[in-house]
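To keep things clear, I will list the structure first and then write my remarks on it.
Here is how names work: the chains are called A, B, and so on, in the same order as the sequence lines, proteins then strands, and each is numbered from 1.
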Amino acid sequence: MLENFSFRTIVEYLPLFGQGLVTTVWLSALSFAGALAVGIVLAAMSLQRGWLFRVPAKAYIDAVRATPLLAQLYFLYFGLPHLGFVLPELVVGILALSLNSGAYVAEIIRAGILSIPRGQVEAGVASGMTYVQRMRLVILPQAFKVTIPPLLGQAIVLVKDSALLSLISVSELTRAGQLLASDRFMPAEGFITIAAFYLLLYYGLKGLAALSGRWLGLQPARSST
Amino acid sequence: GTLDDITKRGELRVAVQTQGPPFSLVGAAGERTGSSVELAELMAKEMGVKITFLDFDWDGLIPALLSGKADLLVADMTPTLARGMKVAFTKPYMYTGSTVFTKADGKFKTTEDCKAKGTKIAVLLGATGEKEAKTAFPDADIKSYKGGGPLLLDAVNNGQADCGVNDVSAVKGQSTAYPAGSFTIMPDLLSKEPLAFATRYDEPDLLVWMNLFLDQVSVDGRLQKNLDYWVNSDAWKKDH
Amino acid sequence: MIEFRGVNKWFGALNVLRDITLSVEPREVVVVCGPSGSGKSTLIRCINGLETIRDGDLVVDGQRLGDPATNMTRLRTEIGFVFQSFNLYPHRTALENVTLAPIHVRKIPRNEAEQAGRELLAKVGLADKVHAYPAQLSGGQQQRVAIARCLGMRPKIMLFDEPTSALDPEMISEVLDVMVAVAEEGMTMMVVTHEMGFARKVAQRVVFMDAGAIVESGTPEEFFSQPKTDRSRAFLSKILRH
Amino acid sequence: MIEFRGVNKWFGALNVLRDITLSVEPREVVVVCGPSGSGKSTLIRCINGLETIRDGDLVVDGQRLGDPATNMTRLRTEIGFVFQSFNLYPHRTALENVTLAPIHVRKIPRNEAEQAGRELLAKVGLADKVHAYPAQLSGGQQQRVAIARCLGMRPKIMLFDEPTSALDPEMISEVLDVMVAVAEEGMTMMVVTHEMGFARKVAQRVVFMDAGAIVESGTPEEFFSQPKTDRSRAFLSKILRH
Amino acid sequence: MIWQQLQSLVGSYPLALRGLGVTVVLSLISLVLGTLLGFGLGILRTGGNRLISAAIGAWVDLIRGTPFLVQIFLIFFILPEFGIELDAFTAGIIALTNLAACFICEIVVAGIRSVPTGQVEAALASGLSRWQRMRQVVLPQAMRIVLPPLVGQYVLLIKDSSVVSAIGLTDLTRVGWLVVQRVPNGLLVFFLVGLGYFIVCYPLIMLARRLERRMGAAHGEVQL
Ligand SMILES: Nc1ncnc2c1ncn2[C@@H]1O[C@H](COP(=O)(O)OP(=O)(O)OP(=O)(O)O)[C@@H](O)[C@H]1O
Ligand SMILES: Nc1ncnc2c1ncn2[C@@H]1O[C@H](COP(=O)(O)OP(=O)(O)OP(=O)(O)O)[C@@H](O)[C@H]1O
Ligand SMILES: [Mg+2]
Ligand SMILES: [Mg+2]
């Protein structure tokens, strides 16, 4: 397959790959925003002492982690109409990605919050701050720094997972490669090109992570003796 | 030549895609069967070798043939000219065409109805139906699905799509999984398209042999018998 | 100002505070000492509710702890707490550390709070470190910011839990100097420390704890020159030996 | 035994050791003191190669450091190092901490090593803690295990980097007692510490460092009673003040 | 209709079991191999040699940054052009092992870096060799940090193994695709597929949770 590798055809399909790339980017961005929202709510629930919020949140997180995204996607895609919601594929896709990644994000945020030394909480308590003030002024700003790198890791996973949306007819990057494979019977060209594009996104996100790390590093992270 | 290799090996390696009835399916008992599958088995029998099926999904089908993992490819595949640039197709062994189907009690009754702006039309990813739907329904909202014809029926049945476009024999074969009368299948075809088997251009001997095979089975009626059983009726239903 | 009456506390099966009865008058400075694990930290953490007590009464500034009528958050604003490990907010500058609670808890306008904050930092000798982050400060400097942070809330009581024991030896005196200054302005203070020089200089009373109980209590002179119990004698001999 | 000749070391642009010349004789005990950041740790860490030097000569037990002919791993087995933060292996019991290197490095049979290990632990007063994990021991006990761990390798030299400064005050003396005992058996020792009582008792020499240089060096009596430089006077006044 | 579909589904259970078997066997083999390889890579990566470390880093990035489908595709269909002919199962194992090793390498590196430098220095000071330091001091302590995410990673890899259907292995997900041809009810079929994965993965998630809590408790972590 490689000896006849046709760069010319790739160039011909480049506009299609470009569109796919753009779709993958914005749809991943949207889904990640959704995942953050879902994750923050779930993390807040799972940190409660009372079981009323904690148990459902943990059950949800475990269920999502233990089943494949594909099953979740179809569960939503074929299941929602039974409940009377017929939503566009894109909406279902973004919803599925948000709900899936949200569970992982929740775990990351929870770990981030728990990593803040107990003394910080106590300092807040001792100066008369309420729970919400402590969270907002003391815990979250610090947890934020700890969670940035793993969150970007999750973003990378999400970008690659978004390929699954091609299954429900969203034309994103993977779809473009599949088209090249099925129209022209050039699978090597199709798949290697999308791999290159995903790698580009990966390095982009990784660069972002390094950058944010350095930016956050400007503000010293630890108070030490 | 390749034929000599196959004879020496004693094994014909055939790549299939299990897309659903009537061409290629896994029966109730887990056995691999279908119109194309039986034809391939017939080929191996005529060659006097045993057959090995390599079961790929769409992503793996062409690479399997091109990389030499399989000797030939048996799927309900339309030999387009663009595809013919890469693989060698046999002469067509049957003709079919894309048809439009809708939910029986829905508001879309005719092919014309489906041309309305914004109609959601389900097609199969990478299939010829996808292309044809785009020309026949320029204003519609075309949705491509992966994973075989049955999912198109499911999408239409669930209301995710208003109409579906797929190979008529596939639609007929696959709709039998639903209660009779669930779908309206339009009598008019969007196109007439051939189906053919494929092999590599560096296996001219095999291609010649496959064409010879198709001639033979058409002449002696075995092809017709296969198609009558699988494609032109739902006689297969009671056996599988 | 602070009154313990028969206070007991358990961690699981461990009786960490046993029948504590102790009262601290306004403007009094009390030093608490004793071996590790004797319950010193627990004792003073109870006062601002960082630990809850199981039985006995604890009345602080006229309010009974554990009473549903007592607004703990309010009460805590009246009590400053200085930790062994400083616990400055690492993501905030020195000034922000000092002004955070006044602005958000006391609702003092930002510019007023900052004005006051600068004055406090100057008072602890850190006028030039106003915009430094904790990680850019030495341990002694961090602890002085922590003290300024407490003073910023204008507390009636200040509690110190081994404020100098995480410091390098040459930094201890700069922190103790600030504490002496605070004491001399008339603050009510309870200080867990082994700095006997400090106790001699400003404490009205030294309380010696062992195994959760107050074993001995008296003026610094009495305590250092004539410890009454074997346990306090043994303890003093250890910490004063080398 | 240890000989620095014009040693310099940089961390980036920072000249942390400046022209150090110092020699320690066999059986000598040298105490190193000085303000935080003055390079004390760096100085003794160079001796067993935890830090590398840029120029100057450092000869330890007859072997030149940085010389390709010197087998550092071998040399390190002759040098014991006690850290401020103990650095016991948390996943090993006290006895295992002591026997790990003898068994794996010295290739002493396990039962012999264990026998010797028990004796050493008894010597530091921990006969009953042989099977305890570090987390189950107090700081003072952990540091004594750490000393036993060094002794287990029968080193010719022992280096101590502020061995008591992470300890609660009542635990300091139990560690210093062990160190005094080791010194009295004739070990060559370099000890970074601010425990002046210890320096008085066993040190032949006190070395005062500031900003990477050795500023003053002399017998304890000389150093404490008549410090020669302003810097050492200021330093002594700070650490002896409270 | 549903009833009829259910009956038909029940009839497919041998196929489903076989699919589950393929998923489990494939995952199990590649997780074991991937763990060994991942630890090896992690140790090499934290070792002193810049060149080796950079090479491993680049490889890990390459694998983490590209879709697994493409990797398996290259191994199965492109390697033969270089004379390496593999059957689908071996190719699947190799691809999945490599993927596992790369992710595990990252986890191991994080674990090794989490061990305080004082521990390494203590070992260094008592004359332990590089391998002895790793084996006796660093790795046992790194395991506390490594274990919970490692088990979590296993779950992700088991789910990723579904991509092997692209090269013709009939794993659990593939069975779903096959069954849905006859029983065209995506919701029902993929719910059951999901259930299959859940049965394999959930115990692992519970294990990860337990480990995390145990290690957390051991490190004195506190609730807010
Ligand atoms: N959160 C807790 N859970 C269980 N036991 C605790 C807790 N906090 C403290 N303890 C135990 O209570 C006892 C008293 O602890 P406390 O910290 O008050 O002692 P301390 O006198 O301050 O000692 P130190 O000088 O070491 O700070 C100790 O035995 C300690 O182990
Ligand atoms: N790894 C390092 N990288 C850069 N600078 C370092 C490093 N280690 C130490 N330093 C710097 O070198 C100087 C000397 O450090 P060193 O730890 O030797 O001082 P010290 O006298 O032991 O101080 P302390 O009493 O605080 O332990 C300090 O300014 C310190 O910040
Ligand atoms: Mg305490
Ligand atoms: Mg030091």
Side-chain angles (χ1 to χ4, degrees), chain B residues 13-34 52-70 145-158 160 164 170 173-180 182-183 237 240, chain E residues 1-5 7-19 22 67-70 72-88 91-92 162-171 173-190:
Chain B
R13 298 170 312 175
V14 179
V16 294
Q17 180 194 14
T18 311
Q19 258 192 335
F23 297 108
S24 172
L25 68 151
V26 172
E31 80 286 9
R32 178 178 309 288
T33 182
T52 302
F53 286 107
L54 304 167
D55 180 13
F56 295 101
D57 59 17
W58 181 257
D59 290 329
L61 208 52
I62 304 303
L65 181 63
L66 292 179
S67 68
K69 297 270 178 195
Y145 291 78
K146 205 179 144 179
L151 285 180
L152 296 185
L153 291 158
D154 197 31
V156 170
N157 191 42
N158 281 325
Q160 274 131 341
Q174 291 156 5
S175 62
T176 54
Y178 290 82
S182 295
F183 297 98
K237 265 256 101 169
H240 297 284
Chain E
M1 167 100 186
I2 280 282
W3 182 239
Q4 192 194 338
Q5 289 184 343
Q7 271 184 319
S8 185
L9 278 177
V10 170
S12 300
Y13 85 93
L15 192 62
L17 278 186
R18 228 182 307 146
V22 169
F68 183 48
L69 174 64
V70 177
I72 207 165
F73 176 89
L74 290 176
I75 289 177
F76 191 58
F77 295 122
I78 304 288
L79 278 191
E81 293 190 18
F82 302 94
I84 305 171
E85 189 72 51
L86 301 164
D87 65 282
S162 70
V163 174
V164 297
S165 63
I167 56 167
L169 291 177
T170 309
D171 74 319
T173 302
R174 179 89 177 129
V175 168
W177 289 114
L178 293 181
V179 169
V180 86
Q181 309 296 343
R182 271 186 314 105
V183 186
N185 185 336
L187 177 60
L188 189 60
V189 170
F190 284 97

Decide yes or no for B/D55 and E/L178: does some side-chain heavy atom of the first lie under 4.5 Å from some side-chain heavy atom of the second?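 Yes, their side chains come closer than 4.5 Å.
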
Would you say that B/V26 contacts E/W177 through its side chain, given a criterion of any heavy-atom pair below 4.5 Å between the two side chains?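 No - every pair of side-chain heavy atoms lies 4.5 Å or more apart.
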
Against chain B, label [X] side chain, backbone, both or neither, depending on which of its atoms sit under 4.5 Å from a heavy atom there.
X     : result
E/P14 : neither
E/L69 : side chain
E/F73 : side chain

Is there a donor-acceptor contact under 3.5 Å from the side chain of B/K69 to the main chain of E/F76?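 A pair under 3.5 Å: yes.
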
For B/L25, is it the side chain, the backbone, both or neither that has a heavy atom under 4.5 Å from a heavy atom of chain E?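 B/L25 touches chain E through side-chain heavy atoms alone.
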
Heavy-atom pairs under 4.5 Å with chain E are the metric here; pick the option from B/A155, B/A64, B/S67, B/P63 that has the most.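 Highest number of pairs under 4.5 Å: B/P63.
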
